[in-house]
Chemist: 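Before I ask anything, here is the structure I am working with.
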Amino acid sequence: MCGIVGIVATQDVAAQLYDGLTVLQHRGQDAAGIATADGTHLRVHKGNGLVRDVFDARSMRLLEGRVGIAHCRYPTAGSEGLDEAQPFYVNSPYGIALAHNGNLINTDALRREVFEQDRRNVNTESDSEVLLNVFAHELDTQKALTPDSVFRAVEGVNRRARGGYAVVCTVLGLGLVAFRDPHGIRPLVLGKRATPGGEDEYIVASESVALDILGFERLRDVAPGEAVVVTPRGELFTRQCAPPQQHAPCIFEYVYFARPDSMMDDISVHKARMRMGVKLGEKIQRLRPDHDIDVVIPIPDTSRDAALEIANVLGVKYREGFIKNRYVGRTFIMPGQGERAKSVKRKLNPIPLEFKGRVVLLVDDSIVRGTTSRQIVQMARDAGAKKVYLASAAPPVRYPNIYGIDMPSVEELVAHGRSEEEIQQLLGCDWLVYQDLADLEEAVSGPKQRIEHFDSSCFNGSYVTGIEPGYFERIEQLRSDEAKKSRRAS
Ligand SMILES: O=P(O)(O)OC[C@H]1O[C@H](OP(=O)(O)OP(=O)(O)O)[C@H](O)[C@@H]1O
Ligand SMILES: NC(=O)CC[C@H](N)C(=O)O
Ligand SMILES: [Mg+2]
């Protein structure tokens, strides 16, 4: 999913960008990078691996500048290699570094346009490098470098690019630029803090947790289609750069991606997950008023909030029956199926006394490829459970996600083309229950019903940007696990 941060401060920002990235690490574990600008120079350091592995004292010292951006990557386009780690950089016009969370769905057409019409070279398979070149070209068509000209350039990007994008850039000679796609599919939040001397400092980030740990106050979310410019002197400019369109934030952020301590589009992720638990608990109660569940056990980490509420609604015990190895990262965002499958075992281990002789209800936030649940159900049986039920706080994932979550191939989705009974059989549990989509959407938008529409495409197959014919076949060819495996091998 990728995490992005941009900061303008009165001191060098690299150390703060680094700290910001460490709390966005759950959004991307494959690569990380920071770019800083100090007036005349842009400095970039990036590499493969976790944030803590990519930077050392020397690379941090070189990252001078009071304006900077940072990225941690979960690839959805191109390869996992260093070439496609972000931020990307172009030296014309002015020198621009860009970091992107999301995924473009018209990358091929844009790539051709960029080469043939804009006469710019894109050196990788990354959609983000294409996006940078579109922005650079649009800025190049402007007469001067001002917030106003940047807003016109972002208007140009919004006319040309389709898909999900939350973007941070440093533009030499101007400062920090950030923008969000016209549907607001990907998240972006704006924060501010004042120095003891009363000077303003600003941050934009994928999740508000980055603001919290760096002492910024959350001002608001960047609006769909809005762009933000912050100059090195701490002046903030904002403008709507696209005609109004349906706001459709990605619901999977609330289900799985985001940290529970983040606020996203003014909704607490933690509360959204608790409400998912209440709704699903009520459904279980409706379907099985005389249930025989002895204990509710979450599949850590992300399902905990929902699982606790299910236990409360059902009036049964909640127990931590699986212990998570804190040194293993998130398995879903690992690039290959072999690694994902191996990592579940390394990551989760049962405490048998919580299972022995009991009817257990295991709860996960979502079942995507079924990698986790298939193994966990077996672990619960091996640990002595009498019966193993499984509840998913999200509906069946039956369609690809194309806006920044790497699930391009329907064949890899355990629920694709299968009934719930068939999935239950495949996962090996005694009963399987899924959240209904209407309940999930209601749970996320909350009592105030702040958001009317979501991008719920992986659950209902409805894509807010529209899709070109042949698109799914093409990404399947490019990005299925099989395709990635043979690319790596060659
Ligand atoms: O059906 P699957 O393809 O296995 O994908 C779904 C699982 O993957 C995620 O866990 P992950 O280990 O990535 O992160 P977490 O520790 O935050 O739950 C998610 O929370 C589910 O447990
Ligand atoms: N998950 C993301 O946001 C990915 C960003 C971009 N499409 C990449 O692959 O690098
Ligand atoms: Mg999980």
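Computed from a predicted model, the values in this text were never measured in an experiment. If you read the sequence from its start, that first residue is 1, and numbering goes on from there. Below, all heavy atoms of this structure are taken into account, side chains as well, without hydrogens, waters or symmetry copies. Read the numbers this way: they start at 1 and go in the same order the structure lists the ligands and their atoms.
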Chemist: Evaluate Phe332 for polar contact with ligand 1, using N/O atom pairs at a separation under 3.5 Å.
Modeler: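 Looking only at distances, the answer is yes, because the N/O contact criterion of under 3.5 Å is met.
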
Chemist: Taking atom types as modelled, find out whether Glu441 and Ser456 have a side-chain donor-acceptor pair closer than 3.5 angstrom.
Modeler: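 Short answer, yes.
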
Chemist: Salt bridge check: are Asp436 and Lys283 linked by an N-O gap of less than 4.0 Å?
Modeler: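 Yes, this pair counts.
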
Chemist: Does the gap between the ring centers of Phe135 and Phe179 come in under 6.0 Å?
Modeler: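 Yes, the ring centres sit under 6.0 Å apart.
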
Chemist: For Thr76, is at least one N or O under 3.5 Å away from an N or O on ligand 2?
Modeler: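 Among all N and O atoms of Thr76, at least one is under 3.5 Å from an N or O of ligand 2.
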
Chemist: How far is atom 12 (O) of ligand 1 from its nearest protein heavy atom, and which residue and atom is that?
Modeler: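 Closest protein heavy atom to atom 12 (O) of ligand 1: Lys347 NZ, 2.5 Å.
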
Chemist: What I want to know is whether Pro75 and ligand 2 share at least one N or O pair that is separated by under 3.5 angstrom.
Modeler: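 N/O-N/O distance under 3.5 Å: no.
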
Chemist: Strictly below 4.0 Å, N to O, side chains only: are Glu309 and Arg273 in salt-bridge contact?
Modeler: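 No, no charged N to carboxylate O under 4.0 Å.
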
Chemist: Within the structure provided, determine whether Gln375 and Lys345 are in side-chain contact (heavy-atom separation under 4.5 Å).
Modeler: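 Sidechains of Lys345 and Gln375: in contact.
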
Chemist: Can you tell me which residue and heavy atom of the protein come closest to atom 9 (C) of ligand 1, and the distance to 0.1 Å?
Modeler: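 Checked against all protein heavy atoms, atom 9 (C) of ligand 1 sits closest to Tyr256 CE1, 3.3 Å.
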
Chemist: Going by the order shown, which atoms of ligand 1 are within less than 4.0 Å of some heavy atom of Pro300?
Modeler: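 Result: 16 (O), 18 (O).
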
Chemist: Less than 4.0 Å between a side-chain N and a carboxylate O, is that true for Asp118 and Arg120?
Modeler: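 Here Arg120 does not pair with Asp118 in a salt bridge, since their nearest N and O are not under 4.0 Å apart.
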
Chemist: Below 4.0 angstrom from a heavy atom of Gly370, which ligand 1 atoms are there? Numbered from 1 as shown, please.
Modeler: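 Contacts of ligand 1 toward Gly370, numbered from 1: 1 (O), 2 (P), 3 (O).
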
Chemist: Asn103 heavy atoms, cut-off 4.0 Å: which ligand 2 atoms fall inside?
Modeler: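 Listed by number with element: 7 (N).
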
Chemist: Pairs of nitrogen or oxygen atoms closer than 3.5 Å, one from Glu84 and one from ligand 2: do any exist?
Modeler: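 The answer is no, given that Glu84 and ligand 2 share no N or O pair closer than 3.5 Å.
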
Chemist: Could you tell me the residue and atom name of the protein heavy atom closest to atom 3 (O) of ligand 1, and the distance to it rounded to 0.1 Å?
Modeler: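 Looking at atom 3 (O) of ligand 1, the protein heavy atom closest to it is Arg369 N, 2.8 Å.
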
Chemist: Below 4.0 angstrom from a heavy atom of Thr371, which ligand 1 atoms are there? Numbered from 1 as shown, please.
Modeler: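 Result: 1 (O), 2 (P), 3 (O), 4 (O).
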
Chemist: Between Arg180 and Asp265, is there a side-chain N and carboxylate O pair less than 4.0 Å apart?
Modeler: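 Looking at Asp265 together with Arg180, the answer is yes, because their closest N to O distance falls below 4.0 Å.
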
Chemist: Among all protein heavy atoms in this structure, tell me which lies nearest to atom 4 (C) of ligand 2, with the distance rounded to 0.1 Å.
Modeler: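 Of every protein heavy atom, Cys2 SG, 3.0 Å lies nearest to atom 4 (C) of ligand 2.
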
Chemist: To check your reading of the model: name the closest protein heavy atom to atom 1 (N) of ligand 2, its residue, and the distance in Å.
Modeler: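 Going atom by atom, the protein heavy atom closest to atom 1 (N) of ligand 2 ends up being Tyr74 O, 2.8 Å.
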
Chemist: Would you check the N or O atoms of Ile333, main chain and side chain alike, for any that come under 3.5 Å of an N or O of ligand 1?
Modeler: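 Between Ile333 and ligand 1 (N or O atoms, distance only) the closest approach is not under 3.5 Å.
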
Chemist: Specify the protein heavy atom at minimum distance from atom 20 (O) of ligand 1: its residue, its atom name, and the distance to 0.1 Å.
Modeler: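 Going atom by atom, the protein heavy atom closest to atom 20 (O) of ligand 1 ends up being Asp365 OD2, 2.5 Å.
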
Chemist: Considering only NZ, NE, NH1 and NH2 on the basic side and carboxylate oxygens on the acidic side, decide whether Glu207 and Arg259 come within less than 4.0 Å.
Modeler: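 The answer is no: the pair does not qualify as a salt bridge.
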
Chemist: Among protein heavy atoms, which lies nearest atom 8 (C) of ligand 2, and at what distance?
Modeler: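 The closest one turns out to be Arg73 NE, 3.4 Å.
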
Chemist: Give the numbers and elements of all ligand 2 atoms closer than 4.0 Å to a heavy atom of Gly404.
Modeler: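 Numbered from 1, ligand 2 contributes 1 (N).
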
Chemist: Measure from atom 22 (O) of ligand 1 to every heavy atom in Val363, Thr372, Asp364, Asp301 and give the option owning the shortest one.
Modeler: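 That would be Asp364.
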
Chemist: With heavy-atom distances below 4.5 Å as the criterion, would you say the side chains of Arg218 and Val189 are in contact?
Modeler: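 Yes. Closest side-chain heavy atoms under 4.5 Å.
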
Chemist: Provide, to 0.1 Å, the distance between atom 17 (O) of ligand 1 and the closest protein heavy atom, together with that atom's residue and name.
Modeler: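 Protein heavy atom with the smallest distance to atom 17 (O) of ligand 1: Thr302 OG1, 2.5 Å.
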
Chemist: Give the numbers and elements of all ligand 2 atoms closer than 4.0 Å to a heavy atom of Ala77.
Modeler: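 Within the 4.0 Å cut-off of Ala77, ligand 2 contributes 9 (O).
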
Chemist: With a 4.5 Å cut-off on side-chain heavy atoms, are Ile284 and Ile293 touching?
Modeler: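 Side-chain contact under 4.5 Å: yes.
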
Chemist: Give yes if a backbone or side-chain nitrogen or oxygen of Asp127 is under 3.5 Å from a nitrogen or oxygen of ligand 2, and no if not.
Modeler: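 Yes; at least one N/O pair falls below 3.5 Å.
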
Chemist: Quick one: does Gly78 get within less than 4.0 Å of ligand 2, heavy atoms only?
Modeler: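 Per 4.0 Å heavy-atom rule, Gly78 does not contact ligand 2.
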
Chemist: Under a 4.0 angstrom heavy-atom cut-off, which atoms of ligand 1 come close to Ser366?
Modeler: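 Counting atoms of ligand 1 from 1, those under 4.0 Å from Ser366 are 6 (C), 21 (C).
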
Chemist: Between Tyr403 and Phe252, does the ring centroid distance fall short of 6.0 Å?
Modeler: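 No, the ring of Tyr403 stays outside the 6.0 Å limit from the ring of Phe252, centre to centre.
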
Chemist: If the threshold is 4.0 Å, N to carboxylate O, is there a salt bridge linking Glu468 and Arg474?
Modeler: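 No.
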
Chemist: Does Arg381 come within less than 4.0 Å of Asp430, counting only side-chain N to carboxylate O?
Modeler: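 So Arg381 pairs with Asp430 through a salt bridge.
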
Chemist: Got the closest protein heavy atom to atom 5 (C) of ligand 2, with its distance?
Modeler: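 The answer is Gly102 O, 3.2 Å.
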
Chemist: Give the numbers and elements of all ligand 1 atoms closer than 4.0 Å to a heavy atom of Ile367.
Modeler: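 Heavy-atom distances to Ile367 below 4.0 Å select 1 (O).
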
Chemist: Which is it for Gln86 and ligand 2 at heavy atoms under 4.0 Å: side chain, backbone, both or neither?
Modeler: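 Just the side chain.
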
Chemist: Indicate whether the side chain of Gln337 and that of Arg340 have a donor and an acceptor atom separated by less than 3.5 Å.
Modeler: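 Yes, side-chain donor-acceptor contact under 3.5 Å.
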
Chemist: Of Lys46, His100, His71, which meets side-chain contact (heavy atoms from CB on, under 4.5 Å) against Phe88?
Modeler: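 Of all the options given, the one that passes is Lys46.
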
Chemist: Taking only heavy atoms of His100, which atoms of ligand 2 are found under 4.0 Å from at least one of them?
Modeler: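 Those atoms are 5 (C).
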
Chemist: Between the side chains of Glu84 and Ser126, is a donor N or O closer than 3.5 angstrom to an acceptor N or O?
Modeler: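 Note: Glu84 and Ser126 side chains miss the donor-acceptor criterion.
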
